[in-house]
Amino acid sequence: MFKIICRCAFTSPCMGSLVLLCGLFFVCPTLLKAADGPRQCILEAGRAVDNADATAFEQLVDVDAILEQALDIFVRRASNPQVARDLPPMLALLFTQAAQKQGSVRALLLNETRAFVLNGVASGAFAGRKPSGAAAQGLLAPLFANASTGRKEVRHVGQARRDGDGWLVPFVVHDGGNGESYDVTGRITGADGCLRLTSVVNIEALLEQVAAESRSVENVAP
């Protein structure tokens, strides 16, 4: 899932948190039958990240759908001329081209962001372990240059509330990399006996929070 909202989301120290919010959750199929299954899935998600279980993560979370949701918002905001002026020229061009639903640039952005999330889980970086491997290089390196790779901890999971064909579950994700906490409302739905987080209902509010944090960091930078 781009300076104001779009650039802040992909170049600020908050990016690791935002990306993880777009693909943090999974549950095993049996949880669908449990009375508190939607709430339990959030707790299981935290354990999956702590265990660096990227295989289960990739199999059971609808990462692609959630990243599509986030990218649609980033692209829409980047179309604002005031926002575009604050973007590096190359990134501005990328986001303009990403507006094409079937375009190769959009696919590239989604694939690179997805890889960042899965690598963060698999490496244990999102569990608080020291990141390993080389830093991102090439055209998309600025997207993740300052991303927070500190521990992502699920806290304060609230009660699930029925909403249409799914459930809404409030919870908090604390980012050990930047010390910030994010109030999230996740939508969990069931299909083929499985529960999955399929969207983040308040994702625009989270983007606003990330943007404010990024502006604050830049204002105090030497």
Side-chain angles (χ1 to χ4, degrees), residues 1-25 58 61-121 126 135-150 152 173 175 177-178 180-187 197-219:
M1 338 179 102
F2 311 111
K3 191 131 171 216
I4 304 215
I5 291 294
C6 300
R7 188 173 122 194
C8 291
F10 270 93
T11 63
S12 75
C14 312
M15 181 56 188
S17 293
L18 180 61
V19 170
L20 193 64
L21 294 176
C22 295
L24 182 61
F25 310 100
E58 187 174 9
V61 70
D62 198 344
V63 176
D64 294 330
I66 299 171
L67 290 178
E68 287 271 8
Q69 177 193 7
L71 184 57
D72 284 341
I73 296 172
F74 298 149
V75 168
R76 172 164 50 81
R77 292 181 179 238
S79 67
N80 183 324
Q82 291 183 329
V83 174
R85 280 198 300 267
D86 288 325
L87 286 167
M90 183 57 71
L91 292 186
L93 178 61
L94 284 174
F95 296 131
T96 298
Q97 295 179 347
Q100 301 176 24
K101 286 289 186 179
Q102 303 301 322
S104 59
V105 172
R106 183 184 182 91
L108 177 63
L109 288 170
L110 290 170
N111 288 338
E112 289 296 313
T113 306
R114 187 175 191 274
F116 177 83
V117 175
L118 296 177
N119 290 339
V121 176
F126 290 165
Q137 310 242 341
L139 183 64
L140 298 184
L143 300 183
F144 308 105
N146 297 314
S148 169
T149 56
K152 311 299 185 283
V173 171
D175 188 333
N178 58 32
E180 300 290 345
S181 293
Y182 303 88
D183 294 320
V184 184
T185 300
R187 172 178 288 280
L197 181 88
T198 53
S199 67
V200 177
V201 176
N202 63 327
I203 194 168
E204 291 216 45
L206 292 168
L207 290 174
E208 295 285 358
Q209 179 180 348
V210 168
E213 291 166 6
S214 183
R215 288 192 296 267
S216 177
V217 168
E218 291 179 351
N219 288 337

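Residues take their numbers from the sequence shown, with the count starting at 1.
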Shortest non-hydrogen contact from V117 toward F126: O-CE1, 3.6 Å
Name of the residue among I66, V184, V63 meeting side chain to side chain contact (heavy atoms under 4.5 Å, CB included) with L197: I66
Closest non-hydrogen atom pair between L109 and A98, with its separation: CD1-CB, 3.7 Å
Distance, nearest 0.5 Å, that separates CG of D64 from OG1 of T113: 11.0 Å
Between CD1 on residue I73 and CD1 on residue I203, distance to nearest 0.5 Å: 4.5 Å
Test item: N202 side-chain N/O and D183 main-chain N/O as donor-acceptor pair under 3.5 Å: yes
Non-neighbouring partners of D72 that pass side-chain contact (heavy atoms from CB on, under 4.5 Å), sequence neighbours left out: K101, R106
Separation of L67 CG from L110 CG (nearest 0.5 Å): 6.5 Å
Straight-line distance of R187 CZ to Q69 CD, nearest 0.5 Å: 10.0 Å
